Amino acid sequence: DAGITQSPRHKVTETGTPVTLRCHQTENHRYMYWYRQDPGHGLRLIHYSYGVKDTDKGEVSDGYSVSRSKTEDFLLTLESATSSQTSVYFCATTAAITDTQYFGPGTRLTVL
Amino acid sequence: DQQVKQNSPSLSVQEGRISILNCDYTNSMFDYFLWYKKYPAEGPTFLISISSIKDKNEDGRFTVFLNKSAKHLSLHIVPSQPGDSAVYFCAASAAGTYKYIFGTGTRLKVLA
């Protein structure tokens, strides 16, 4: 929809290791988001960005950090992965002139 | 504190009949509402939206109704098709925040 790609698409890692997920968009949308999807919880906002180097926390930000050095890229880092961070992670973007949010294909992360 | 609720985790409907998916919200600041459809192993895709200045919005087989006094919105799909089988999320946002709160989703199954 908004030229959003996520990498990797699947990852298995071990508890305590750092993990970085990448989101890339081609539409020059100002706003970018990271969500996690878990059964019974729907989509929960982890962090979001309203511009280059401008980020803020969402409702489930503990254990996660983000960075946005370019408009098109938004990185999500798990400093020390835990089993509770096993989830499907979605990146999303919104253009400033609309209120519609578009999602990437997701990254399935398993922390053993 | 769930600000957006989808109280029906699942719904089954016969092909050709109407599907009605419901969503309730608690925050009176929300003034923009969206519905997303999600297939397994894919990201959510935008379906239809409605602003609080309207009480109805139609797009083909999909109609969203908004009852502001009841803080309730519903998505009607008529006629339902087997390809509509998916998880549907409603989301709400307050003007200018560009932050979206999602419900937990309703799994729709359209029976052929």
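Only heavy atoms go into these numbers, but all of them, side chains included; no hydrogens, no water, no symmetry mates. Keep in mind the model is a prediction, meaning the values are calculated, not measured.
At a cut-off of 3.5 Å, with distance as the only test, a side-chain donor of A/Ser87 or A/Asp38 sits close to an acceptor on the other residue. Side chains of A/Gln101 and A/Tyr35: a donor-acceptor N/O pair is present below 3.5 angstrom, by distance only. When only modelled atom types and interatomic distance are considered, B/Asn22 and B/His72 share a side-chain donor-acceptor pair under 3.5 Å.
For B/Phe65 and B/His76, the distance between ring centers is under 6.0 angstrom. Ring centroids of A/Phe103 and B/Tyr36 are separated by less than 6.0 Å, placing the two rings close together.
To the nearest 0.5 Å, atom CG of residue B/Asp24 and atom CG of residue B/Leu73 are 8.0 Å apart. Rounded to the nearest 0.5 Å, atoms NZ (B/Lys37) and CG (B/Leu21) are 11.5 Å apart.
Relative orientation of the B/Phe30 and B/Phe33 rings is perpendicular, given thresholds of 30° and 60° on the angle between their planes.
The pair B/Lys56-B/Glu58 meets the salt-bridge criterion, since a charged nitrogen lies less than 4.0 angstrom from a carboxylate oxygen.
Interface residue A/Gln37: only side-chain heavy atoms are found under 4.5 Å from chain B. Looking at B/Ala91, neither its backbone nor its side chain comes within 4.5 Å of chain A, counting heavy atoms on both sides. For a residue to count as touching a neighbouring chain, one of its non-hydrogen atoms must lie under 4.5 Å from one of that chain's; by this rule A/Leu43 touches chain B with backbone and side chain alike. Neither the backbone nor the side chain of A/Tyr50 has a heavy atom closer than 4.5 Å to any heavy atom of chain B. At a 4.5 Å heavy-atom cutoff, the contact between A/Thr100 and chain B is made by backbone and side-chain atoms alike.
For the set A/Arg30, A/His41, A/Arg108, the entry with the most heavy-atom pairs within less than 4.5 Å of chain B is A/His41.
Taking 4.5 Å as the heavy-atom cut-off, the residues of residues 98-112 of chain B that approach chain A are B/Tyr98, B/Lys99, B/Tyr100, B/Phe102, B/Gly103, B/Thr104, ordered by number.
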